[in-house]
Structures are given as structure tokens and as C-alpha cells.
Amino acid sequence: PRGTAGIMNHILARGDTAAATELLQKALKRFPDSPEILFFMGKNFKEHRHWSEAQMVLNRAYKAGYKVKHLPVELGELYVESAPIIALKLANEDLAQYPDYYLSLQVKALALMNMGKFAEAIAPLKKLYSQSPTFNHSAEYYLRCLFWDGRYHDALNPGLYFLGKEAHAIGGPLVSS
């Protein structure tokens with residue numbers, strides 16, 4: 001299954017979605033409902049921004065049997081905007097086994113934010129921010145949730161990180177960064 005996923009990754013990198021889909025169909029005939037092959041295929045589709053194919057394949061992997069590490073959160077990431085309740089459920093499943101996994105923390109926080117539950121998003125964002133203040137948008141999201149919750153003093157440190165990151169990105173090495 002891993003070799004087949006590697007070949008598919010190469011095909012998708014070349015931009016040949018039709019060949020990748022054909023390979024997926026052949027792989028599924030050879031490894032019917034293998035959560036592992038479906039997981040690797042779904043991740044490859046996600047990495048190459050083929051969202052609907054990724055969602056279809058990861059859903060199938062999830063329904064085939066939850067035995068693959070981080071499968072719930074990989075699927076949940078696809079639902080963060082369209083179905084945040086499902087994303088939250090899947091992130092919590094992954095966090096039950098891997099409480100510090102960055103993607104699970106991020107998906108949980110974004111799902112909560114998309115549901116308007118900013119105060120509840122603070123806990124996973126705090127954990128994510130503690131792991132790496134510069135990762136993705138962790139400082140920005142943590143800052144926003146703290147600010148929206150009225151915790152201005154707590155928002156100062158992530159605000160400074162966010163300002164430093166943005167000041168450098170926008171105008172070069174400014175004094176403010």
C-alpha cells in the first residue's frame with residue numbers, strides 16, 4: 001500500500017489526476033477497503049489539493065475501520081469550514097489518543113472558531129501556541145480568541161509574536177519585528 005501511494009504521489013505531482021484516479025481504482029481492487037491504502041491515497045489527494053477526492057477516500061478509510069494513526073483528524077481537516085461539528089468530533093477522537101498532536105489541536109480550534117465558540121478554542125490554541133508560536137497561524141488565532149474573550153493582557157504575548165511575524169513578512173526586517 002505505501003508503494004502504491006508513493007507512485008500516486010508522483011503521478012499527482014505531475015498533475016495527472018486521471019491517471020491517479022485510475023491507479024486508485026486498481027489499488028482498491030487489489031487492497032479492497034484497506035484503511036491503510038485509502039489513508040495514504042487520501043493524504044496524497046489532500047497534499048495535491050484534490051479536496052473532493054480526498055474527502056471521498058478518507059471517508060471510505062474511516063468507515064472501513066479506524067486503525068490508521070491520525071486518520072480521524074486528516075478527515076476532520078476537510079470538514080473544518082463546511083461541517084465544523086463533524087471536524088470537532090474527529091479532532092477529539094484523535095486527541096483522545098494523541099493529546100499533543102498539532103494538527104488535531106489546530107482542527108479542534110478552527111472548528112470551534114467556525115462555530116463561534118471562541119472561548120472554548122482558547123485551550124487547544126494555547127497548547128498549540130506553547131508548542132510553536134510561529135507555526136502556521138497559531139499566534140494569530142490564539143490572539144484573536146483571547147481578544148474576543150476580553151482577555152487583553154493574555155493576548156499581549158501572542159500579539160507581539162503575530163506582529164513580529166507580519167512586520168517581517170510585509171515590510172522586511174522592521175524595528176517592530
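Worth saying up front: this structure is predicted, and the values here are computed from it rather than measured.
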For the pair Tyr62 and Leu71, evaluate side-chain contact (heavy atoms from CB on, under 4.5 Å) and give the outcome as yes or no after the intermediate values. CA-CA 7 Å; Tyr62 185 77; Leu71 171 59; 4.3 Å; yes
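- By the salt bridge (charged side-chain N to carboxylate O under 4.0 Å, His left out) test, Lys69 is found to be paired with no residue, residues two or more places apart in sequence or in another chain being considered.
- Lys108 has its side chain out of reach of Asp94: every pair of non-hydrogen atoms, C-beta onward, lies at least 4.5 Å apart.
- Linking Ile, Leu, Val, Met, Phe, Trp and Tyr residues whenever their side-chain heavy atoms come within less than 4.5 Å places Tyr98 and Val107 in a single cluster.
- Within a 6.0 Å sphere centred on OH of Tyr161, other residues, nucleotides and ligands contribute 12 heavy atoms or fewer.
- Of all the heavy atoms in Ala155 and Phe147, the pair that sits closest is CB-N, 4.3 Å.
- Scored by the salt bridge (charged side-chain N to carboxylate O under 4.0 Å, His left out) test, Glu120 finds no partners at all (sequence neighbours excluded).
- Pairing each heavy atom of Glu74 with each of Leu58, the nearest pair is O-CD1, 3.9 Å.
- Residue Leu88 is not grouped with residue Leu95 when hydrophobic side chains (ILVMFWY) are merged at heavy-atom distances under 4.5 angstrom, including chains of intermediate members.
- In this structure, Leu103 CG and Asn136 CG are separated by 10.0 Å, a value rounded to the nearest 0.5 Å.
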Carefully, step by step, assess Glu77 and Lys46 under the rule salt bridge (Lys or Arg N to Asp or Glu O under 4.0 Å). CA-CA 10 Å; Glu77 187 178 26; Lys46 258 178 73 175; 2.4 Å; yes
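- Connectivity analysis of hydrophobic side chains (ILVMFWY, heavy atoms under 4.5 Å, direct or indirect) links Leu143 to Phe162.
- The hydrophobic clustering, which links ILVMFWY residues whose side-chain heavy atoms are closer than 4.5 Å, places Phe118 and Leu112 apart.
- Take Phe39 and apply the ring pair (Phe, Tyr, Trp, His ring centres under 6.0 Å) test, not counting sequence neighbours, and it matches no residue.
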Evaluate Met56 against Trp51 for side-chain contact (heavy atoms from CB on, under 4.5 Å), listing each step before the verdict. CA-CA 9 Å; Met56 177 192 68; Trp51 309 120; over 6 Å; no
Please table the atom pairs, donor to acceptor, closer than 3.5 Å between any side-chain atom in residues 121-130 and protein atoms at least two apart or in another chain.
unit_1: Lys127; atom_1: NZ; unit_2: Pro99; atom_2: O; d: 3.0
unit_1: Lys127; atom_1: NZ; unit_2: Asp100; atom_2: OD1; d: 3.1
unit_1: Ser130; atom_1: OG; unit_2: Lys126; atom_2: O; d: 2.8

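- Under the rule for a side-chain contact (heavy atoms from CB on, under 4.5 Å), the partners of Ile86 that lie at least two apart in sequence or sit in another chain are Tyr79, Ala83, Leu90.
- Shortest non-hydrogen contact noted between Gly42 and Ala54 is O-CB, 3.6 Å.
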Evaluate the side-chain contact (heavy atoms from CB on, under 4.5 Å) criterion for residues Val57 and Lys43: first the C-alpha distance (whole Å), next the side-chain angles of each, then the deciding distance (0.1 Å), finally the verdict. CA-CA 9 Å; Val57 172; Lys43 275 193 65 126; over 6 Å; no
Gln106 and Ser138: side-chain contact (heavy atoms from CB on, under 4.5 Å), yes or no, with the steps? CA-CA 8 Å; Gln106 183 179 35; Ser138 64; over 6 Å; no
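- One hydrophobic cluster holds both Leu110 and Val73 under the rule that ILVMFWY side chains link at heavy-atom gaps under 4.5 Å.
- Heavy atoms of other residues, nucleotides or ligands lying less than 6.0 angstrom from CD of Glu81 number 12 at most.
- Heavy atoms only, all atoms of each residue included: Ala61 and Pro35 are closest at CB-O, 3.8 Å.
- More than 12 heavy atoms of other residues, nucleotides or ligands lie within 6.0 Å of OH in Tyr101, so this atom counts as buried by the packing criterion.
- Expressed to the nearest 0.5 Å, how far NZ of Lys63 lies from CG of Leu75 amounts to 9.0 Å.
- The CE atom of Met113 sits 6.5 Å away from atom CZ of Arg144, with the distance rounded to the nearest 0.5 Å.
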